[in-house]
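What follows is a short report on a single structure.
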There are 2 protein chains.
Amino acid sequence: MESKVMSIGVVCELTGLSERQIRYYEERKLIFPERTKGGNRRYSFEDVTTIQEIHQKMQEGFNTYELKQLKQSKKQRCSPIFR
Amino acid sequence: MESKVMSIGVVCELTGLSERQIRYYEERKLIFPERTKGGNRRYSFEDVTTIQEIHQKMQEGFNTYELKQLKQSKKQRCSPIFR
DNA sequence: CGTGTAAGGAATTCTGACACG
DNA sequence: CGTGTAAGGAATTCTGACACG
């Protein structure tokens with residue numbers, strides 16, 4: 001389910017995290033919710049999974065910069081250039 | 001996906017129907033969204049599908065009472081008593 | 001019956017900032 | 001760095017009612 005349908009409040013319930021934390025992950029460019037015409041964020045179930053993974057990694061000691069690096073290195077290894 | 005995560009605005013976008021129509025289906029007991037602590041409705045993807053089916057049937061000439069009857073007869077045929 | 005609408009209020013979300021560390 | 005919070009405003013949703021038919 002990749003459709004962006006959830007408000008931040010629902011994501012908080014699903015993840016147990018605060019709005020602040022979720023918005024911070026976005027600020028660090030780790031998640032990319034859509035926006036309604038009025039400017040409200042909309043998240044997908046994939047986003048929720050990603051958020052949970054981010055939180056898990058952070059509890060293991062990674063910071064957001066490192067997580068960003070990890071994501072990008074994964075992307076590179078999967079890109080056509082590397083095949 | 002049976003989790004109730006969507007606000008009525010998202011359901012409107014997904015179905016192309018108005019808030020009024022969607023709330024009316026609930027009034028006629030054809031759908032059963034959950035509520036947040038504050039009283040806001042939350043719908044699942046299953047609800048969206050059901051809403052689309054209801055709208056389809058209504059365009060075919062059924063009224064909400066008949067649709068309610070249809071649902072109940074389906075339930076009865078599937079109930080243990082009828083096996 | 002099914003749906004549009006204006007009305008007023010309440011719940012939800014937004015941003016930018018200050019704070020701590 | 002990551003997160004809590006109070007502040008003020010804006011978007012979203014709620015209910016009950018009137019309207020048409």
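All chains are named by letter (A, B, ...) in the order of the sequence lines, taking the proteins before the strands, and each is independently numbered beginning at 1.
Looking only at atom types and distance, the side chain of B:Thr50 has no donor-acceptor partner in the side chain of B:Glu53 under 3.5 Å away. A donor-acceptor pair shorter than 3.5 Å cannot be found between the side chains of B:Gln52 and B:Gln56.
Between the CG atom of A:Leu17 and the P atom of D:dT3 there is a distance of 8 Å, rounded to whole Å. Rounded to whole angstrom, the span from the CD1 atom of A:Ile31 across to the C1' atom of D:dG2 amounts to 14 Å. For the pair B:Ile22 CD1 and C:dG2 P, the computed distance is 16 Å after rounding to whole Å. Atom CD1 in B:Ile8 sits roughly 18 Å away from atom C1' in C:dT13 (whole-Å rounding). One atom, OH of B:Tyr24, and another, P of C:dT5, lie 17 Å apart when rounded to the nearest Å. Between B:Ile54 atom CD1 and C:dT3 atom P the separation is 11 Å, expressed in whole Å. Per the geometry, CD belonging to A:Glu19 stands 16 Å off P belonging to C:dG16, to the nearest Å. Atom NE2 of A:His55 is separated from atom C1' of D:dT3 by 12 Å (rounded to the nearest Å).
If you check every strand for non-hydrogen atoms under 4.0 Å, B:Arg23 touches a base.
Looking at the side chain of B:Asn40, the nearest of the listed nucleotides C:dT12, C:dA17, C:dC14 is C:dT12. Minimum atom distance to the side chain of A:Met58 is reached by D:dT3, of the listed D:dT3, C:dT13, D:dC18. Listed nucleotides D:dG4, C:dT5, D:dG2 differ in distance to A:Asn63; the shortest reach to its side chain belongs to D:dG2.
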- Task: Would you please test A:Tyr24 and A:Thr64 for side-chain contact (heavy atoms from CB on, under 4.5 Å) and show each step?
- Result: CA-CA 9 Å; A:Tyr24 183 66; A:Thr64 54; 3.8 Å; yes

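Pair check for D:dT15 finds C:dA7; Watson-Crick or G-U wobble, both atom distances under 3.5 Å. Nucleotide C:dG2 is matched to D:dC20 when pairs are restricted to Watson-Crick or G-U wobble geometry with both distances under 3.5 angstrom.
With salt bridges taken as basic N to acidic carboxylate O contacts below 4.0 Å, one links B:Arg35 and B:Glu26. Here A:Glu27 does not pair with A:Arg23 in a salt bridge; the nearest charged N to carboxylate O distance is not below 4.0 Å.
A donor and an acceptor atom never sit less than 3.5 Å apart when one is taken from the side chain of A:Arg41 and the other from the base of C:dT13.
Counting only heavy atoms from C-beta outward, the side chains of B:Phe32 and B:Arg41 never approach each other to under 4.5 Å.
Nearest-nucleotide positions on DNA chain C for B:Gln21 and B:Gly38 put B:Gln21 closer to the 5' end. Each of B:Tyr65 and B:Thr36 was matched to the nucleotide of DNA chain C holding its nearest heavy atom; the match closer to the 5' end belongs to B:Tyr65. Two residues, A:Lys37 and A:Phe62, neighbour DNA chain D, and the one matched to the more 5' nucleotide by heavy-atom proximity is A:Phe62. Both A:Arg20 and B:Gly9 lie close to DNA chain D; mapped to their nearest nucleotides by heavy-atom distance, the more 5′-ward contact belongs to A:Arg20.
In this structure, B:Ser7 reaches the D:dT13 phosphate: one of its side-chain N or O atoms is under 4.0 Å from OP1 or OP2. Close to C:dG2, at under 4.0 Å from its OP1 or OP2, lies a side-chain N or O of B:Arg28.
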